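Read through the structure below, which is laid out as structure tokens, and then see the notes.
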Amino acid sequence: MRDRAESPVAPTDVLYVDSDADFAQLVERSLTRLDPTVSVTHVESAAAAFAAVAGDDHVTDTDGRPRTDDPAVDCVVSAYTLKRTDAVGFLEEFRRTYANLPFVLFTGAGSEAVASDAIAAGVSAYVPGRGGGNNFHLLAPRIRAGAQGARAKRRSAGA
């Protein structure tokens, strides 16, 4: 596993959480076209996202919880509607374990109420999807900024 604090311009590993596999393919194609350093992995549920963020090593601390100092991804991007929950419920649970990992809500099912709930739950960025364009040009820089900010914090904490 590479050291995610190594460089502010290192490749960015994105975990995309959405039960819509077809849209997930569009997200991956669009993000990698806009930023070739981005790598997108898709999972369909919050539970699968937790496993993916923990990584193949499933390294745990002394109480058996996943270590949060070296997650297997640089940023989580989630649709709003998920299997068995919504993105805000997922985010609330996610923040209990991964307080500093960037989490972007990217949804066409958004509203001011959803945005407000997401902000209260600790979302890093909220990007509304729009019609045919889907705002990928807004999503890509928010992912990059979140990943760079998290890397900078890990570098300063390790110094």
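All of these numbers come straight from a predicted model, not from anything done at the bench.
- Counting all heavy atoms, side chain and backbone alike, C75 lies closest to V104 at SG-CG2, 3.9 Å.
- Using a 4.5 Å cut-off on side-chain heavy atoms (C-beta onward), V114 and L105 make contact.
- F106 CZ to N135 CG: the interatomic distance, rounded to the nearest 0.5 Å, is 6.5 Å.
- Considering all non-hydrogen atoms of both residues, A54 and A72 come closest at C-CB, 4.3 Å.
- Atom OG in S39 sits 10.5 Å away from atom CG in L15 (nearest 0.5 Å).
- Looking at R142, its side chain never comes within 3.5 Å of a backbone N or O of A125 through a donor-acceptor pair.
- Taking CG of D35 as the reference point, atom CZ of R144 lies at 4.5 Å (rounded to 0.5 Å).
- Between atom CG of residue L26 and atom CG of residue L31 there is a gap of 9.0 Å, rounded to the nearest 0.5 Å.
- Judged purely by atom type and a 3.5 angstrom limit, R96 has no side-chain atom pairing as donor or acceptor with the backbone of L91.
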Going through the distances and angles, do L139 and V77 end up as a side chain to side chain contact (heavy atoms under 4.5 Å, CB included)?
CA-CA 9 Å; L139 179 60; V77 177; 4.1 Å; yes
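- At a threshold of 4.5 Å between non-hydrogen side-chain atoms, the residues F50 and E93 count as touching.
- Under the 30°/60° scheme for interplanar angles, the aromatic rings of Y16 and F23 are found to be tilted.
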task = Would you check, one step at a time, whether the test side chain to side chain contact (heavy atoms under 4.5 Å, CB included) holds for Y98 with V76?
result = CA-CA 11 Å; Y98 298 101; V76 173; over 6 Å; no
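- Residues A49 and V17 come closest through the heavy atom pair CB-CG2, 3.7 Å.
- The backbone N or O of D74 lies less than 3.5 Å from no partner atom in the side chain of D13, so there is not a single donor-acceptor pair.
- Side-chain contact between E92 and T85 is absent, with no heavy atoms from C-beta onward closer than 4.5 Å.
- In terms of modelled atom types and a separation under 3.5 Å, the side chain of H42 and the main chain of Q25 share no donor-acceptor contact.
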